[in-house]
> 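Take a look at the following structure, please.
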Protein chains: 2
Amino acid sequence: MNFMEIVIEEALKAQDNNEVPIGAVLVHRSGEIISKAYNLIQSSHDPTSHAEIVAIRLASKKLKTSRLVDCDLFVTMEPCLMCAGAISNARIRRIYFGAYASKRIDVGVSDIMKYYSSNECNHAPEIYGGILEIECSKLIKSYFGTKR
Amino acid sequence: MNFMEIVIEEALKAQDNNEVPIGAVLVHRSGEIISKAYNLIQSSHDPTSHAEIVAIRLASKKLKTSRLVDCDLFVTMEPCLMCAGAISNARIRRIYFGAYASKRIDVGVSDIMKYYSSNECNHAPEIYGGILEIECSKLIKSYFGTKR
């Protein structure tokens, strides 16, 4: 099972818990999985507990460092502004994501991701989007289809 | 003591703990202080534990909701990308900040704050910057003066 399949599994756990189905995994460059997480907003009330942030918190606790320089993040969906910032702050090496954010209006990554090339950004990870895009998009669409 | 003086007090607590001296307070529109916080990155290793995020986590736990719609955030420094996103995700009403971010190259708020006016943003708080700016800037400059 590859890492994108593992994050889809995490997203399905979120779905089972009535959370927005997004999953994230942090992987060391050696291939070791450091942390796995999914959205916890409903259960925790914490608006910062997106899958990416939960994975970063777990990894920094495990590795006892706030700089996850040798780690790559796999996530089912293009990160939001908050998570994009957290990924930069944590000095994560690469982002691999599945579905593109729904509000994206032009081709390619969103304005959020474009921020990484601005002067104000201290660390810009490499970005690889659209991996298992159809499967990842279906998860989100199916969740919001039942909610709206 | 006004709310900006209280966040400076929080920032000084961070300084005493060898953390970057930034403080944040969340205040209900009624005037009640919901949470007070300062940076905890050194002590927690968690790169997401900026003062603003810690204050949001405490407030959402206390109020048992992820939507802090009636709350205003006071913070000693202009929020970073991650915190700007968290503030939007938490539906915070207003941001009052002290020092402008050092990398700001034009007049007014940074590109981060400008993101709030983009299509991709679900909630844009009102922003009031430069409150007790000199005191708040001194805190940061004095910290980095001793570190760099």
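Just so we're clear, the structure is a prediction, and the values are computed from it rather than from any experiment. Residue numbering restarts at 1 for every chain, and letters A, B, ... go by the order of the sequence lines.
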> Flag yes if B/L58 and B/I56 sit in one hydrophobic cluster, no otherwise; membership is Ile, Leu, Val, Met, Phe, Trp, Tyr, and two members link when side-chain heavy atoms are under 4.5 Å apart.
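Each belongs to a different hydrophobic cluster.
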> Any chance you could measure B/R57, atom CZ, to A/I53, atom CD1, to the nearest 0.5 Å?
7.5 Å
> Going hydrophobic residue to hydrophobic residue with side-chain gaps under 4.5 angstrom, can you get from A/L73 over to A/V54?
no
> Given a strict heavy-atom distance threshold of 4.5 Å, which part of A/K64 is in contact with chain B: side chain, backbone, both, or neither?
both
> Which other residues belong to the hydrophobic cluster containing B/V69, where Ile, Leu, Val, Met, Phe, Trp and Tyr are joined when side-chain heavy atoms lie under 4.5 Å apart, directly or via other members?
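For B/V69, no cluster forms, as it stays isolated from other hydrophobic side chains.
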> According to side chain to side chain donor-acceptor pair (under 3.5 Å), who are the partners of B/R29, at least two apart in sequence or on a separate chain?
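Partners of B/R29 by the side chain to side chain donor-acceptor pair (under 3.5 Å) criterion, ordered by chain and then number, come out as B/D70.
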> Which residues in residues 2-14 of chain A have a heavy atom less than 4.5 Å from any heavy atom of chain B?
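None at all.
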> Examine B/L132 and B/V25 and state if one hydrophobic cluster contains both, with Ile, Leu, Val, Met, Phe, Trp and Tyr joined whenever side-chain heavy atoms are less than 4.5 Å apart.
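The answer is yes; both residues are in one hydrophobic cluster.
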> Side chains of A/S88 and B/L81, heavy atoms from C-beta outward: is any pair under 4.5 Å?
no
> For chain A, which residues from residues 38-51 of chain B have at least one heavy atom closer than 4.5 Å to it?
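B/I41, B/H45, B/D46, B/P47, B/T48, B/H50 fall under the 4.5 Å cut-off.
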